[in-house]
Each structure stands twice: as structure tokens, then as C-alpha cells.
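In the text below, chain A, chain B and the rest are named by the order of the sequence lines, each starting its count at 1.
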Amino acid sequence: MTTSQKQAAQAQDAGTAIALTNCAKTFADGTRALMPFDLSITAGETLVLLGPSGCGKTTILRMIAGLEFPDAGGAIHFGEDDVTRHSIEQRRVGMVFQSYALFPNMTVAENVAYGLKVQKVGKAERDQRVREMLEMMHIDMLADRRVDQLSGGQRQRVALARAIAPRPRVLLLDEPLTALDAKLRVRLRTEINALLRKLGITAIYVTHDQEEAMALGDRIVVMQKGEIAQIGTPQEIYRAPKTPFVADFVGASNCLKVDIENGRALLGRVDVDVSRAWNANPATDGLSEIYFRADGLMLCAPHDAHFTATVEAVSYLGEKLRVTVAGIGNDAVIVDTDPDSVVRLGETVHCRLVPEKLTMFAAN
Amino acid sequence: MSMDLDLKEGRSRPSLLSSFLTPRAAAASPAILTVLLIPGLVIVAAFFLIPLARVAVEVGNGPEGWGTYLLILTNARYLESLIQTLAMSAGVTMMALVLCAIVGLFLVRNRFAGRSILIGTLTLPLSFPGTVVGFMVIMLAGRQGVIGGLTDAAFGAKLVFAYDIAGLFIGYLYFSIPRVILAVMASAEKLDLQLEEAARSLGASRFRVICDVILPGLMPGLISSGAICFATAMGAFGTAFTLATDIDVLPMVIYTEFTRNANIPVAAALSIVLGLITWACLAAVRSFTGEGKSLPVRGGA
């Protein structure tokens, strides 16, 4: 890191805490986009809003930005400031969009300088700050380029530099990597992560990609149909999903419908002890759904097996072999195994559940 | 049955002509392409180049010879007419751009009952010849016009402005609006709302957003439709003719010199000057908006 980059990092405002209280959103046509919710984001935290399209995650982001306003009764605070009725111009937020939204009639440097110019920062200071931002994003050599001469990754770097340059109180990122190809997405994700930590800025990041959410979030908010399904650290969300939706949405999940009796799942000919499932509750006997990821089931020797199943598909993923098997429950089930093992299509395999890695919910 | 057979044979053995007419064959052979171009070239020559050359030559045949061009630029009446026409066209263009930018943006951004009918009505003048537009201006602001009737009833004096510069201006504006509004709406549809949100997030006021984001986004549409508007106004004749206005616009002067005074060299020289100015305007716009971006077809009024 050069001296100017260090200065840039130090000069950045310390993060601002954000609190949304009793916020709901009903659109003009009567659609209820968000049910009333509370959400606090601590200063400097990176919070990821994760969910399928139409779940309300972008509406929350736009509410924090000041592009949407909560229904009567809702309140939004930036630190001590009540910004509920402030428009976006007054909130000092930095925004990064999926479509980059760079000004096509300006050069890279002019784009980055725009927020400072609007705030009437003097030319010398502005130029200095733009230089720092461009250096920090490793795009200083592109300063005089037109926006349409840049690649997608370069554009998003410019968009980040532009958003950060005026020292916003919060950085809002709306699916910023979705338009990029897979490899670049991972690289830029790592860079954004490092940048957010370095700046210590409060950031809210919207995505539908659970891997991105896990990689970036201090905490993840999983959204479902206008409601918060779960808030937690990536580990909590992944290992201890609180609803079937979270279990299913975060990570490739398998689901079996089973009858539970006295802590044992009755699976056709066998019954499996599920009392060690992390959320096992002796009271929840009856028809249940057991969720588990590819590591919640393992291929094993015939005498240890809970099931036999038929191999339907095999994908070699480098670090593991992903096997899709049929014959356990109604749907096909995914199981990961040693990448060097030999598994053939149509072959009969033996599997057993790993009770510690199961999540159980009462079936509807 | 026999017809069926014929058809099948026809399909399996394509005629020589059909093989010539397939796009692939045409693309493959420059010779065929040239042959196909002949009708177009003939029309360009017969109805465009030949009359144009003839008009240009007529100037030289007059008593002043090629000096006629100098004459029209030094003769007070012709020069005044040229300046008036330029000023009128520029004024109408500016006014049309301002009005249509606001209305076009509003129409694209808002949905309300009767919106499509309103858009249809705004484009209606495209279907009227200039004469009808002039007639309508007289009905509005002429001696027997609506405005005159109202002001007469209210103040005892008729307000009549159909026959002076205001009437001409309104007429020109009326037939210019559809050309500009359609182009503005096409540009406005393509404006990226997120650009405006990005500017606002950086603290830009509504006014700055208009200056820094919306206007630059609309600019290609404004420039090209402004050029069309200007060119159409430069050449408009029917409206001025119907209004029998006391403003001598250039097309009217050409008409008078040609039909009444039989001053063919001057009429020809004025025609060439009018054409050159309009052409230069369109060419300048083409270079402004970038070569290859096509301009909408010019319609007469």
C-alpha cells in the first residue's frame, strides 16, 4: 500500500451505525413489499441482504439509500441522526449498482470527482482525492479514458471509487458483481472484502448469490417474501438454518420427509437416530423434514449403511466428487465424496446420514 | 395431382432467376448488386441530380451570370428574407426543443389515462400539409379566429396575430412538435434511471441531475430532431403561403420570383442557397452526433 493509499484509508470516516425501526413498505399499487421489521447494523459492519428476486432485499437497500421511504410508523437512523424523511441527496450514501451506472459523458476521473464537485470541494483537494481513489482501486492508468472503453471489471472499480470518494456514511452495493463473469466475480469479491475492512466503512450488500454472501458478510440477512427469515453470521446461517427456506436457499440442500418417533427417523426398512441433530427437539415427533447438505450424507460400507441408492449423476469438482443418487426419499439427493474414489453411473451405493449435520423441521 | 408434381419439380429445380434473387447470390456477386442498383441510380439522376444541375445552371444563364449569387447576398430584400428565415427557423427549433424535452420526458415517465391518445394527438400535425396548418392558425388567431372572438367579447377589441410573425411562429411550432417529441421520447425511453440515482446519491440536486445526466442523455435525440426541425422550418412554404404573412420567408420569395416575376436566375440562386444552408446544417449535425447514426427522414410541411 502506498502512502497516499494509507492516507485515503485513514481519511475515510469511521463507519456509521444504522438502525431501521418498524419499517414496512407498501407500494402505491397496494403491493406489500416488506412486512414491518427492525434491523440494526453496527458501525463498520458489512451486512449482506440475501434472498431470491422479489424478496424485498433491494427495497431495504433503497430505503436505507433514501430512494424509497418506509410506511408511516417506520424510522431510519444514521447514528444519532433521524434520516427517515431525508431524501438520498441529504443522506451521504455511496451507491454501487449492478449496471455500474457510470456517467457516459464523463471520463473515469470526472466520474470519480463528481460527488466532490457537487459538494464544492476545491479543485486541488478534489484532484488529490481522485488520484488516491484511482490508485486504491488500481485504475490510475485509466483516469482519462471514456467509460465505454472500459471492461466490466474496470467499470465496477470506477463505480466503487466514485461511491467512496466523497466519504459516505454508508456504502450500499446492489448486486455489484452479478454482471461479471465467474472468475472476475471471485477476484473482485476478494478485493471488495479487503477494501471494506480497510476502510472500516458500514456497508450493505445485496445479492442473491449465497457464496458471495458468505464471503463478504459479517452478518447475513436472509429474506423471504418481504420478511426477514434469519439474521446471523455466515456460519450460523449455513450450519443452523432456522427455517426450511433458509436451509434450502443457503447451499445445496437435500430434504427427506420422514416420520420421527422418540428421536428416531423411520426410513422404510431402517430407523436412524436423529437425536443428535443440532436442533433436535424430543417434543417434535411426527411427520418431519430433515434437511442436510452434501456433507450430511456419506458413502459407506454396506454394513454401516442406512440406505442403498442408485447413482444418477457424477460430477468431478476438483476438490470433491459430487454424486447424485436416487432411491432415498422422493427426490434425488446430492452427496460429496473423495475426488479420487471411483463411482459409476447406475451403480448401487451405500450411504449413511451424519446425525450432527442434520436440521429438522416439522413438516407442514 | 399433376399440379402437385409441377410444384415439387419447381422446388427441386430452382429457376435461374430465383437463384439470382436469393440474398446469398446477390451478396456473392458485386455485378448482380450493381445491376439491382440501376433503378435507384436512375431515379436519383432523373429526379434529383438533373433538376439540381439545371437549377444551378439557370443561375449562370441570367443577366448577372454567376454574380446572381453575390446579388442575393447584397440585395437588402433577399438578404433580409434569408436572415428572417434563419432567425424564424432557429427560434422555432429552440422553442420546439425546450417544449418537447419537457413534455416528452413527462410522457415517458408518467402513466395516466388518455396518455396514448394525447401522444397520438401530439403527432397529428405530421399528417397535415402546411396549408392546413396555416388555415388552422387563421381559425385560431385570424380576423374570424377563436382568440379574436373571445377578446372581442371580453375587452371589445379583437386580438389578431395570425398574419404577423407570431402567427407564423405558432404555425411552424405546430408542425415541428411531432418531429421533435417523437425523437425526444425515443431518447428518454433509453435514459438509465440508475444514472440519476447515482448522481443523487453523490449529492446532486434535481437541477444538477437535469444538467449532468438527463440533458446529456437526451442530447443525441435533441440534436438530430433539432436539425430536422430547423431544416423543415427553412423549407416550409404552405403555412407561410396560406397566412399570406407580411414576413417574407425564403421559400415565399423563391415562389414570387419564379411565378410572378419570372426571375428564374434569382429564384434558382435562392433555391441553391436555401438548399446549401439546410444541407450544411444537417451535415454539421451528422458530424456532431457521429457518422453512421441515421437521422429521421425529413417530412415536408
Side-chain angles (χ1 to χ4, degrees), chain A residues 28-29 58 61-62 64-68 86-106 110-121 126 133 146-148 155-156 158-176 179, chain B residues 97 101 104-116 183-227 284-293:
Chain A
D29 63 356
T58 298
L61 189 87
R62 292 174 66 82
I64 298 170
L67 289 165
E68 303 283 356
H86 288 188
S87 63
I88 185 169
E89 298 90 325
Q90 302 162 303
R91 289 198 189 182
R92 281 184 55 213
V93 296
M95 280 199 90
V96 179
F97 299 87
Q98 184 185 334
S99 67
Y100 320 121
L102 296 176
F103 306 126
N105 49 322
M106 300 180 197
E110 285 166 351
N111 263 282
V112 177
Y114 187 79
L116 301 164
K117 210 168 150 190
V118 167
Q119 290 176 14
K120 301 196 167 56
V121 173
R126 202 164 69 210
M133 289 295 109
R146 283 209 326 266
V147 170
D148 58 7
R155 283 179 204 210
Q156 207 50 294
V158 177
L160 273 162
R162 182 182 68 177
I164 296 167
R167 300 189 172 89
R169 291 195 282 186
V170 52
L171 186 61
L172 306 172
L173 305 109
D174 189 2
E175 307 229 7
Chain B
L97 288 177
L105 202 58
F106 177 85
L107 287 173
V108 167
R109 297 265 166 108
N110 293 281
R111 294 286 178 272
F112 50 87
R115 177 178 170 274
S116 49
V184 168
M185 285 177 70
S187 297
E189 298 271 8
K190 281 188 244 151
L191 286 179
D192 181 357
L193 280 176
Q194 290 196 330
L195 283 182
E196 291 168 44
E197 291 177 351
R200 291 179 60 202
S201 75
L202 294 164
S205 62
R206 302 272 173 170
F207 179 71
R208 275 211 84 127
V209 171
I210 292 172
C211 296
D212 295 339
V213 178
I214 297 179
L215 279 179
L218 292 181
M219 205 43 88
L222 290 177
I223 289 175
S224 65
S225 62
V285 167
R286 270 189 81 82
S287 69
F288 231 121
T289 52
E291 201 65 28
K293 284 185 191 165

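From A:L67, atom CG reaches atom CG of A:L61 across 8.5 Å, with rounding to the nearest 0.5 Å. Rounding to the nearest 0.5 Å places CG of B:L105 at 10.5 Å from CD of B:E189.
Most heavy-atom pairs under 4.5 Å with chain B: of the set A:A159, A:G94, A:A101, this distinction falls to A:A101.
A heavy-atom distance below 4.5 Å is not found between the side chains of B:V213 and B:L191. Contact of the A:L172 side chain with the A:I64 side chain is registered, since non-hydrogen atoms from C-beta on lie closer than 4.5 Å.
Closest heavy-atom contact between A:L116 and A:A165: CD2-O, 3.7 Å. Between B:A183 and B:S225 the shortest heavy-atom distance is CB-CB, 3.4 Å.
Only the backbone of A:L102 has a heavy atom closer than 4.5 Å to any heavy atom of chain B.
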If the cut-off is 3.5 angstrom, what donor-acceptor pairs do you find between chain B and chain A?
| residue | atom | partner | partner atom | Å |
| --- | --- | --- | --- | --- |
| B:Q194 | OE1 | A:S99 | OG | 2.5 |
| B:E197 | OE1 | A:R62 | NH1 | 3.1 |
| B:E197 | OE2 | A:R62 | NH1 | 3.1 |
| B:E197 | OE2 | A:R62 | NH2 | 2.8 |
| B:R200 | NE | A:E89 | OE2 | 3.0 |
| B:R200 | NH2 | A:E89 | OE1 | 3.3 |
| B:D212 | O | A:N105 | ND2 | 3.3 |
| B:D212 | OD2 | A:Y114 | OH | 2.6 |

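Remark: B:F112 engages B:F106 in a ring pair (Phe, Tyr, Trp, His ring centres under 6.0 Å) (not counting sequence neighbours).
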